[in-house]
Q: 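Sending over a structure as structure tokens; questions will come in a sec.
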Amino acid sequence: MTDANVHVPAPSTLPSTLPPTEPDATRTSHARRGWEPSTGAAELARRYPAHVGATRLYGEEFHRDPHAVYQRLRARHGSVAPVLLDDDVPAWLVIGYRELHYVAGQPDLFGKDSRTWNAWDLAPPHWPLRPPVAWTDTILSTDGAEHGRHSAAVDDALGAVDLFELAGRCERIADGLIDAFAGDGKADLIGQYAARIPMAAGATLLALPPADTAAFLADVTAMLMQAGEAHAAEARLRAIVRPYTTARRANPGADTLSRLAAHPVALTDDEVFEDLIMLLLMSQAKTTAWIGNALRLILTDPRFAVTIAGGRRSVAHALAEVLWEDPPFSNAFGRWATRPVHLGTQHIRRGDLLVLSVAAANADPQVRPDQLAGPGGSQAHLAFGSGPHRCPYASQDVAETVARTAVTVLLDRIPDITPAVPAGALAWQPTVVVRSLMAMPVVFTSS
Ligand code: HEM
């Protein structure tokens, strides 16, 4: 199998982080205690009075126009708002630009350890937000020295990626995907294209033999889709990765797996595995969204449509504009208050969950007084986060290389691509975490 025909089934929903590990225990305790929705409502009123009647960050209205909801929240609550996540689970949404910077920059006050959350018992067993909230033994959930250890390994492993070579691999993957639908005269640019590129590109960084790459991709996708199969898929993945980890620890190559395994911080085999899978899952949903949102902008906004034929300048502009206006990781989960604190006008209690609304903070009138003027060339958006847990710079470079190549190759290969439905008919994934289209049907001259 070559890069060009690496096949990733298109997930219909795209969780942004590892599937839950720690909350298995929570799941059992819910089952034992017989969790009922009514238990949740009564407990909410008793323990989270500020959240009774709070705005829901789920449902059709929110997913259709989240920015209208953020605006109303800002008008009513200022920079920090009480909100209800799926199944009416309470959280604080940080929507002020300065406040987001502040929270993200104070790991002692707002930590990443979700095991300290005071509302685990309000999350039903199959709560859709368990994956981004679950504790994992990775860079995501650790703070201080332990975070520094994971972070050093991840930075060095991704920092060593040859971006030029990666772009070449992405081109071949993109070409293979386009070849598969070019003769049809129509395609879904999310399911048949954007969702298939990031994972396939990421897998090439591991330098596994083709047969193991195919098995690896199939199982990572099963984990990603949270299919009933996920646990079996994870066990198979561990079996694939472990012998390579041992071999490359002893005899490292230039690939990402070798760099994690042989890093001086001495990650254990389990840590190498968890960090590796976490990186692939982190990159999949967000890079898919970045590609998809940029294509949507280019194909539906007249400012971009007129310059499509000339291509490349518009691609860079579209990718940059999406980071401000429709950031892929729109609401970053999460931080947990380590002690009671006042933030904005709210009183946050120890163990409360704070969600960092990158999308709302980017539109904060304090930093964007004239929303219609657009951000210009400014790069001060929060799309990649802020503080010690911001998206590692090397990850940002990898994401940019994959997204830019994917969009550019498509527009070069099919210059007369046109949306098959009006922009208003495009539906968004029903998740608060990632801003990503469900599908983007297009038509073009078949070749
Ligand atoms: C469209 C592209 C991407 C966007 C918009 C994005 C955005 C973000 C944001 C906002 C955070 C901060 C989360 C927080 O503060 O809680 C973050 C963290 C992170 N991202 Fe990305 N990301 C992207 C691509 C990637 C890719 C391709 C990778 C891996 C190859 C990656 C790996 C990570 C990791 C490991 C973290 C956690 C860092 C830490 O906790 O120290 N991201 N990302």
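Computation of the quantities below employed the complete heavy-atom set of this structure, encompassing side-chain atoms and omitting hydrogens, waters and symmetry-equivalent molecules. Start at 1 and go down the list; that is how both ligands and their atoms are numbered.
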Q: What protein heavy atom is closest to atom 2 (C) of ligand 1, reported as residue, atom name and distance in Å?
A: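 For atom 2 (C) of ligand 1, the nearest protein heavy atom is A399 CB, 3.7 Å.
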
Q: Look only at the side chain of D143 and the backbone of K112, and say whether a donor-acceptor pair between them is shorter than 3.5 Å.
A: yes

Q: Tell me, please: is V154 in heavy-atom contact with ligand 1, that is, under 4.0 Å?
A: no

Q: Give the residue and atom name of whichever protein heavy atom lies nearest to atom 41 (O) of ligand 1, and the separation in Å to one decimal.
A: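 Of every protein heavy atom, H147 NE2, 2.6 Å lies nearest to atom 41 (O) of ligand 1.
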
Q: I want to know if ligand 1 touches R390 in the polar sense, i.e. an N/O pair below 3.5 angstrom.
A: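 No; every N/O pair is 3.5 Å or more apart.
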
Q: For atom 42 (N) of ligand 1, what is the closest protein heavy atom, and at what distance to 0.1 Å?
A: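 The protein heavy atom lying closest is C391 SG, 3.1 Å.
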
Q: Is the CD atom of E146 crowded by more than 12 outside heavy atoms at less than 6.0 Å?
A: yes

Q: Who are the salt bridge (Lys or Arg N to Asp or Glu O under 4.0 Å) partners of R238, not counting sequence neighbours?
A: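 So R238 forms a salt bridge (Lys or Arg N to Asp or Glu O under 4.0 Å) with E234, D270, E274.
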
Q: Within the distance-only criterion (no hydrogens, no angle test), does the side chain of H63 pair as donor or acceptor with the backbone N or O of Y58 below 3.5 angstrom?
A: no

Q: Should R242 and D269 count as an ion pair when the cut-off is N to O under 4.0 Å?
A: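 Salt bridge flag = yes for D269 with R242.
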
Q: Taking both backbone and side-chain atoms of T287, is any N or O found less than 3.5 Å from an N or O belonging to ligand 1?
A: no

Q: Taking distance alone, with no angle check, do S386 and ligand 1 share an N/O pair under 3.5 Å?
A: no

Q: Which residue owns the protein heavy atom closest to atom 4 (C) of ligand 1, what's the atom, and how far is it?
A: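 Nearest protein contact, heavy atoms only, for atom 4 (C) of ligand 1 is F384 CE2, 3.4 Å.
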
Q: In terms of ring plane angle, is the pair W92 and H51 parallel, tilted or perpendicular, where the classes change at 30° and 60°?
A: perpendicular

Q: Is M278 in contact with ligand 1, taking contact as a heavy-atom separation below 4.0 Å?
A: yes

Q: Of all the non-hydrogen atoms in the protein, which one sits nearest to atom 9 (C) of ligand 1, and at what distance?
A: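 Protein heavy atom with the smallest distance to atom 9 (C) of ligand 1: F329 CD2, 3.3 Å.
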
Q: Which of parallel (below 30°), tilted (30 to 60°) and perpendicular (above 60°) describes Y102 and F110?
A: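 Perpendicular.
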
Q: What ring-ring contact (aromatic ring centres under 6.0 Å, His included) pairs are there with at least one residue in residues 273-292, not counting sequence neighbours?
A: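 Listed once each, the pairs are W290-F384.
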
Q: Which residue holds the protein heavy atom closest to atom 19 (C) of ligand 1, what is that atom called, and what is the gap in Å?
A: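 Of every protein heavy atom, M282 CE, 3.3 Å lies nearest to atom 19 (C) of ligand 1.
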
Q: Which option wins on minimum heavy-atom distance to atom 26 (C) of ligand 1: S283, A294, S330, P132?
A: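 Answer by nearest heavy atom: S283.
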
Q: Is there at least one pair of N or O atoms, one from H389 and one from ligand 1, spaced under 3.5 Å apart?
A: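 So ligand 1 has an N or O lying under 3.5 Å from an N or O of H389.
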
Q: Would the distance check show the side chain of D255 and the main-chain N or O of L205 forming a donor-acceptor pair, the cut-off being under 3.5 Å?
A: no

Q: Kindly say whether R248 contributes a backbone atom to a donor-acceptor pair with the side chain of S258 at under 3.5 angstrom?
A: no

Q: With heavy atoms of L140 as the reference, note each atom of ligand 1 found under 4.0 Å away.
A: 37 (C), 40 (O)

Q: Which residue supplies the protein heavy atom nearest to atom 31 (C) of ligand 1, what is that atom called, and how far is it?
A: S395 CB, 3.4 Å

Q: Hey, does K112 sit under 4.0 Å from ligand 1 if you only count heavy atoms?
A: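 Yes, K112 has a heavy atom closer than 4.0 Å to ligand 1.
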
Q: If the threshold is 4.0 Å, N to carboxylate O, is there a salt bridge linking R368 and E325?
A: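 Yes, R368 and E325 are salt-bridged.
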
Q: Would you mind finding which of P388, A383, A104 brings a heavy atom closest to atom 5 (C) of ligand 1?
A: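 Heavy atom nearest to atom 5 (C) of ligand 1 belongs to A383.
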
Q: Would you say H150 contacts ligand 1, with heavy atoms under 4.0 Å as the rule?
A: no

